[in-house]
Amino acid sequence: MSLSDEIMADMKKAMKDHDKIKLNTVRMIKSALMNEKIKLGHDLSADEELTVLSREKKQREESIEEFINVSRNDLAEETKKELAVVENYMPKQMSKDELSEIVKKTIEEVDAKGKSDFGKVMKALMPKVKGRADGKEASAIVRDNLN
């Protein structure tokens with residue numbers, strides 16, 4: 001089942017279940033995917049869909065942080081529910097051990113010697129872990145391994 005088919009099915013189910021948060025979140029995802037399709041001028045590849053989903057996920061994570069900082073726990077809770085819906089469409093996240101292993105292999109592949117090769121390692125690493133690992137966590141592991 002393609003992502004758009006899955007989204008349509010989930011949207012119908014959310015309407016039947018009267019689940020407003022899920023319905024609104026699925027509609028936002030569908031809208032973001034459609035906007036990206038229009039912007040690029042072609043049907044989205046799986047990689048491009050993943051980019052849009054990652055962007056939606058990151059926006060919600062940042063919103064949660066902001067809501068907590070200004071003591072708006074009600075909005076933070078609602079946004080956490082939205083985040084859970086977005087994460088349903090994302091690939092399974094890598095464990096820290098899996099990510100460390102891929103980082104070590106990538107460092108060997110690009111023959112990185114020290115901190116000055118950080119950018120080269122990240123450039124080779126990110127396509128491998130796109131959507132399956134947090135960029136901040138990946139960069140922290142790369143830094144630790146380049147010391």
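Note that the structure is predicted; figures quoted are calculated from it, not measured.
Partners of Lys16 under the side chain to side chain contact (heavy atoms under 4.5 Å, CB included) rule, at least two apart in sequence or in another chain, do not exist in this structure. With sequence neighbours left out, Asp74 forms a side-chain hydrogen bond (donor to acceptor under 3.5 Å, both in side chains) with Arg72. Applying the salt bridge (Lys or Arg N to Asp or Glu O under 4.0 Å) criterion to Glu109, with sequence neighbours excluded, gives Lys128. With sequence neighbours excluded, the residues forming a salt bridge (Lys or Arg N to Asp or Glu O under 4.0 Å) with Asp117 are Lys120, listed by chain and number. With sequence neighbours excluded, the residues forming a side-chain hydrogen bond (donor to acceptor under 3.5 Å, both in side chains) with Asp111 are Lys113, listed by chain and number. Residues satisfying the side-chain hydrogen bond (donor to acceptor under 3.5 Å, both in side chains) test with Lys13, not counting sequence neighbours, are Asp17. Listed by chain and number, the residues in a salt bridge (Lys or Arg N to Asp or Glu O under 4.0 Å) with Arg132 amount to none (sequence neighbours excluded). Residues meeting the side chain to side chain contact (heavy atoms under 4.5 Å, CB included) test with Asp47, sequence neighbours left out: Ser45, Lys130. For Ala46, there are no side chain to side chain contact (heavy atoms under 4.5 Å, CB included) partners, not counting sequence neighbours. A search for side-chain hydrogen bond (donor to acceptor under 3.5 Å, both in side chains) contacts involving Gln93 returns nothing, not counting sequence neighbours. With sequence neighbours left out, the side chain to side chain contact (heavy atoms under 4.5 Å, CB included) criterion links Asp134 to Lys136, Glu137.
Paired with Arg55 under the rule side-chain contact (heavy atoms from CB on, under 4.5 Å), one option of Gln59, Lys58, Lys57 passes, and it is Gln59.
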Throw together a table of side-chain donor-acceptor distances under 3.5 angstrom for residues 32-43, partners on residues two or more places apart or in other chains.
| residue | atom | partner | partner atom | Å |
| --- | --- | --- | --- | --- |
| Asn35 | ND2 | Ser31 | O | 3.4 |
| Lys37 | NZ | Asp43 | OD1 | 3.0 |

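Residues Lys96 and Ile141 form a side-chain contact, since some pair of their non-hydrogen atoms from C-beta on lies under 4.5 Å apart. The closest side-chain heavy-atom distance from Val70 to Leu75 is not below 4.5 Å.
A salt bridge links Arg60 to Glu56: at least one charged side-chain nitrogen sits closer than 4.0 Å to a carboxylate oxygen.
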